Amino acid sequence: MTWDWEFAFEVFPEIISAIGVTIGATVAAYFISLTLGLVLTLLRRSSFKPLSLLVAGIIEFIRMTPPLVQLFFIYFAFDMSPFVTGAIVLGVHYATYVSEVYRSGIESVPASQWEASKALNFSTAQTWQKVVLPQAIPPVIPMLGNYLIVLFKETPLLSGIYVLEMLAVAQMIGSDTYRFLEPVTIVGFLFLVLSYPSALFIRYLEKRSGQLPGSSEKGVKT
């Protein structure tokens, strides 16, 4: 099949009109993954062992099953819109990975910090809020940023449940015209253009996190 520039220019506006859906799903899923990932991390570190084991089992179950299978299951089991289903499933799936990033950051905080907090009569909640999390989160920000790009590139999975993101629109154009080369190439180009600035920003964050006091000594265990 030869490249048809006229056809490419004709379908470009239709594909680019779906950028809002792609970005919206990415942002919603990313917010869910960051929030739920932190909750899972804190619950997994609970001193109540049954709760800790239950959360660990849930995390492993979600991590070990494909997100596409989870998408189909939730979409057909619950009466929710495709967009909401997609954002929730991607957000929950990647929350299990994000929780590991948080765990690495928390474990990099020296145990002496907990002892110092007790000496200052800090409660457990105050220790988390004022001592542990402020030291644990900054070093892992670049890794959390990488998950934003990963999530962005995973949004084509949502075409499987009829979310009209960019690839879904390209597939519809291809089915109607029997030309897939141009629409799919345009989608790949748009993903590249939109991902590259994020990658540059993450590199900037990596440099900044390396300059944080103590970050180079503690490192991140992943």
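This is a predicted model, so every value here is computed, not measured.
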Starting at [atom1] of [X], measure out to [atom2] of [Y] and round the result to the nearest 0.5 Å.
| X | Y | atom1 | atom2 | result |
| --- | --- | --- | --- | --- |
| I161 | F73 | CD1 | CZ | 13.5 Å |
| Y97 | L151 | OH | CG | 11.5 Å |
| F83 | L164 | CZ | CG | 11.5 Å |
| L167 | L158 | CG | CG | 10.0 Å |
| L38 | L133 | CG | CG | 6.0 Å |
| I16 | F189 | CD1 | CZ | 9.0 Å |

* Asked: Which is it for F180 and I173 under the side-chain contact (heavy atoms from CB on, under 4.5 Å) test, yes or no, and what are the steps along the way?
  -> CA-CA 8 Å; F180 287 90; I173 294 171; over 6 Å; no

Look at the side chain of [X] and the backbone N and O of [Y], then say whether any donor-acceptor pair between them is shorter than 3.5 Å.
| X | Y | answer |
| --- | --- | --- |
| Q70 | H93 | no |
| S46 | L42 | no |
| T127 | S117 | no |

* Asked: Has D79 got more than 12 heavy atoms of other residues, nucleotides or ligands less than 6.0 Å from its CG?
  -> no

* Decide if atom CZ of F61 counts as having more than 12 heavy atoms of other residues, nucleotides or ligands within a radius under 6.0 Å. =>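 No, CZ of F61 has 12 or fewer neighbouring heavy atoms, counting only those of other groups under 6.0 Å.
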
* Any residue meeting side-chain hydrogen bond (donor to acceptor under 3.5 Å, both in side chains) with E154, in chain and number order, not counting sequence neighbours ->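 Checked E154 against side-chain hydrogen bond (donor to acceptor under 3.5 Å, both in side chains); matches are Y94.
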
Distance-only donor-acceptor hits, side chain of residues 190-201, under 3.5 Å, sequence neighbours excluded:
from: S195; atom 1: OG; to: F191; atom 2: O; distance (Å): 2.7

* To do: Look at E100 together with R44 and state whether they make a salt bridge at an N to O cut-off of under 4.0 Å.
  =>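 Salt bridge flag = yes for R44 with E100.
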
* **salt_bridge(K118, E115) N-O dist < 4.0 Å** => no

